[in-house]
Number of protein chains: 2
Amino acid sequence: MGLLMSVDVAVVGATGLVGEALVELLDECDFPLGNLHLLASGESAGKSVPFRGRNLRVRDLAGFDFSSVRLAFFAAGADVVREHAPRATAAGCSLVDLSGSVAGPLLLPALEAGAVAALTLPAQLRAPCAPAAEVAEVLAALSPLLDIQRLAVTACLSASQLGREGIQELARQTTELLNARPVEPRLIDRQYAFNMLGQVGAADASGHTAIERRLHDELGELFPQLKGQLQVSCLLAPVFFGDALNLSLRAVAPIDLEAVCAALENAEGIELVEDDYPTVIGDALGQERIYVGRVRKGLGDPCELNLWIASDNVRKGSALNAVNLGALLIKHYL
Amino acid sequence: MGLLMSVDVAVVGATGLVGEALVELLDECDFPLGNLHLLASGESAGKSVPFRGRNLRVRDLAGFDFSSVRLAFFAAGADVVREHAPRATAAGCSLVDLSGSVAGPLLLPALEAGAVAALTLPAQLRAPCAPAAEVAEVLAALSPLLDIQRLAVTACLSASQLGREGIQELARQTTELLNARPVEPRLIDRQYAFNMLGQVGAADASGHTAIERRLHDELGELFPQLKGQLQVSCLLAPVFFGDALNLSLRAVAPIDLEAVCAALENAEGIELVEDDYPTVIGDALGQERIYVGRVRKGLGDPCELNLWIASDNVRKGSALNAVNLGALLIKHYL
């Protein structure tokens, strides 16, 4: 623990879904928070956000002097982060980036080993994207047990993956359909309501999307032994909140299902649901653990393990990891 | 071709989603149809169904004399099939079962090789479940090209998987939610509207559901070389119609993407969508082909192939295959 009892903090993108969850967690958690500065770009600046009984005004990111805080959370798009993170660093402010764009190390609190001890200040930390964090929590619990040969992740993401605008798009399309009006696609270029979409955002020349690359690369970075063995697909389900992930892996040796369940049961960030399947709406929403169920061996292969994850992608998958990384930074350095 | 110019046919389960699609296809297709008998059990008997400008009365299955037809389609639950299929066979009536319950051979028209030539009458044929038929069409196109080491299928099924009642459940729950009333689960024991469910129906002691077993076993039966290499998960998406399938496979050798696309392009039952992703609502609904898109290699493994399928599970995945099997039977035997 450093000398300071509390640290002044900025949240960039404070009016977004993840930024809002971050501010809530900074309030609820045992976080050594001094002054809190809420920042956003353009039209969101000027709004008010309730915090600890007061209304905090959201200020314009462009004019903010990062030397007034020791730590900043960047819960904004990659372009915003690329523009403003260097300003923070130049001002001596450490940061936790949730967009995956800064050069610093990728860290997951559940995996935090010695990595935090090797930093120089001001630090730039990257938090994983929500599906990578969620899969990584399971892999952290299982990798001491299983020699994984191959892992296929099918991530059914939700409208919240596209931020507040995604949620508005699904709500608007759903309402139009239920009122027997033709669907007018806006944010998404086709009918999203009551339709599974096989792709989240644009694909590059190789056919992969940005979120698939990020999920694939971050899992490979967190678990280097899995490089070249990760199959990743991200779909967009017509639901508002949460991540729903199907994991299917093959280990080198037959699966010991009892040992697997015990390891999941003992993992701090995991709630194991036995003999049932959790859902985002029924279980995970608003929680600080991922929910894992349907843990089962393969139908034709004793080395195969399947499981299902439901998680609050905004709170648990994104904001909580970032807050915990910030707390680790403070504990060791600030 | 046999001596008869047309064959009298019965459709068991004629008022269900698949039965209704079957009747439509018997009308639209070039099928040598004589008299058509529509059958259902219990309360559905007595309804009328329009067919070729007349209204056909749906008769009670229990009292039907199968010796009056040469061919029957069983588009009913496994329990109904197990009770009444033996009566049809005893009466000399050949049948095509869509429930996967009879003992006869599993056939997919796209794969029909010499198998139909080995039958004795009255024949009992099994049509695959919709997701198995859909995956099998892709495998039929690709297996001459690829030595597949491992295939993971994540099937996002729809309310129609549960029949008309499933569709009513999703509609009712959705309406309740949008009217800010609490969701009352009936057919499904939890909130299904705007919620991804990780399981379709009850799981057995090993954790697998009936549809997962059927998908797994039927794919292994159609492609014996894949036995022990198939990973299968079935999810339930809050959409009304269609199957949306994510396929991820690993071949022994690096993937030749051009050759894969050419093989898919040339497959009769497949519409290849290049540089985009098809959806059920935008593309597949009401069609007689499966729509395949997002054909791409792995991010870290040149032997990996990923693709996405959107299909009308009722019409293309189920009814059309059954009708085509019936037509094959007639052509060779009846």
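What you see below is based on every heavy atom in this structure, not just the backbone, and it leaves out hydrogens, waters and symmetry mates. In what follows, chains carry the letters A, B, and so on, assigned in the order in which the sequence lines appear, proteins first and then strands, with residues in each chain numbered from 1. All figures in this text were calculated on a predicted structure; none of them were measured in a lab.
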*Asks:* Please determine, among L197(A), T175(A), L170(A), V280(A), the option with the most heavy-atom pairs under 4.5 Å with chain B.
*Replies:*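 Of the options given, most contacts go to L197(A).
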*Asks:* Heavy-atom distances under 4.5 Å only: say whether L230(B) touches chain A with side chain, backbone, both or neither.
*Replies:* backbone
*Asks:* With rounding to the nearest 0.5 Å, note down the distance linking CG in L299(B) to CG in D204(A).
*Replies:*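 L299(B) CG to D204(A) CG: 8.0 Å, rounded to 0.5 Å.
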*Asks:* Taking atom CD of Q149(B) as the centre, report whether more than 12 heavy atoms of other residues, nucleotides or ligands fall under 6.0 Å from it.
*Replies:* yes
*Asks:* Is the closest basic N to carboxylate O distance between D276(B) and R190(A) below 4.0 Å?
*Replies:*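 Between R190(A) and D276(B) there is a salt bridge, with a charged N closer than 4.0 Å to a carboxylate O.
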*Asks:* May I ask you to name which of L235(B), N306(B), L257(B), D275(B) has the most heavy-atom pairs under 4.5 Å with chain A?
*Replies:* L235(B)
*Asks:* Side chain, backbone, both or neither: which part of Q191(B) has an atom under 4.5 Å from a heavy atom of chain A?
*Replies:* side chain
*Asks:* Output the option from P302(B), S248(B), A244(B), A152(B) having the highest count of non-hydrogen pairs under 4.5 Å with chain A.
*Replies:* S248(B)
*Asks:* Name the region of D243(B), side chain, backbone, both or neither, that has any atom closer than 4.5 Å to a heavy atom of chain A.
*Replies:* neither
*Asks:* So which atom in C156(B) and which in M196(A) form the shortest heavy-atom distance, rounded to 0.1 Å?
*Replies:* SG-CE, 3.7 Å
*Asks:* What do the steps show when you test T279(B) against Y192(A) for side chain to side chain contact (heavy atoms under 4.5 Å, CB included), and what is the final call?
*Replies:* CA-CA 9 Å; T279(B) 73; Y192(A) 174 31; over 6 Å; no
*Asks:* Q229(B) versus D301(A): any side-chain heavy-atom pair under 4.5 Å?
*Replies:* no
*Asks:* Give, as side chain, backbone, both or neither, the part of E212(B) having an atom under 4.5 angstrom from any heavy atom of chain A.
*Replies:*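 Both backbone and side chain of E212(B) come within 4.5 Å of chain A.
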*Asks:* Non-hydrogen atoms of chain A under 4.5 Å away: do they reach the side chain of L249(B), the backbone, both or neither?
*Replies:*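 Looking at L249(B), just its backbone touches chain A.
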*Asks:* So for R150(B), is it side chain, backbone, both, or neither that comes closer than 4.5 Å to the heavy atoms of chain A?
*Replies:*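 Just the side chain, heavy atoms under 4.5 Å.
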*Asks:* At a 4.5 Å cut-off on heavy atoms, which part of L245(B) comes close to chain A: side chain, backbone, both, or neither?
*Replies:* neither
*Asks:* What part of V232(B) lies closer than 4.5 angstrom to a heavy atom of chain A: side chain, backbone, both or neither?
*Replies:*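 Only the backbone of V232(B) comes within 4.5 Å of chain A.
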*Asks:* For K227(B), which atoms come within 4.5 Å of any heavy atom of chain A: side chain, backbone, both, or neither?
*Replies:*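 No part of it gets close to chain A.
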*Asks:* Around Q225(B), counting heavy atoms of other residues, nucleotides and ligands shown, do more than 12 lie under 6.0 Å from its CD?
*Replies:*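 Result for CD/Q225(B): enclosed.
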*Asks:* Just wondering, do N246(A) and Q231(B) contact through their side chains at under 4.5 Å, heavy atoms?
*Replies:* no
*Asks:* If you tally heavy-atom pairs under 4.5 Å against chain A, which of H216(B), R213(B), R294(B) wins?
*Replies:* R294(B)
*Asks:* For the interface with chain B, which of G207(A), G300(A), G198(A) has the highest count of heavy-atom pairs at distances below 4.5 Å?
*Replies:* G198(A)
*Asks:* So what's closer than 4.5 Å to chain A heavy atoms on N195(B): side chain, backbone, both or neither?
*Replies:*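 Both parts, backbone and side chain.
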*Asks:* Report yes if some heavy atom in the side chain of I281(A) is under 4.5 Å from a heavy atom in the side chain of F194(B); otherwise report no.
*Replies:* no
*Asks:* Whether the S233(A) and R296(B) side chains hold a donor-acceptor pair (N or O, under 3.5 Å, no angle test) is what I'd like checked.
*Replies:*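 Present: a donor and an acceptor within the cut-off.
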*Asks:* Of the listed residues (A237(B), G282(B), P238(B), A193(B)), which shares the most heavy-atom pairs with chain A below a 4.5 Å separation?
*Replies:* P238(B)
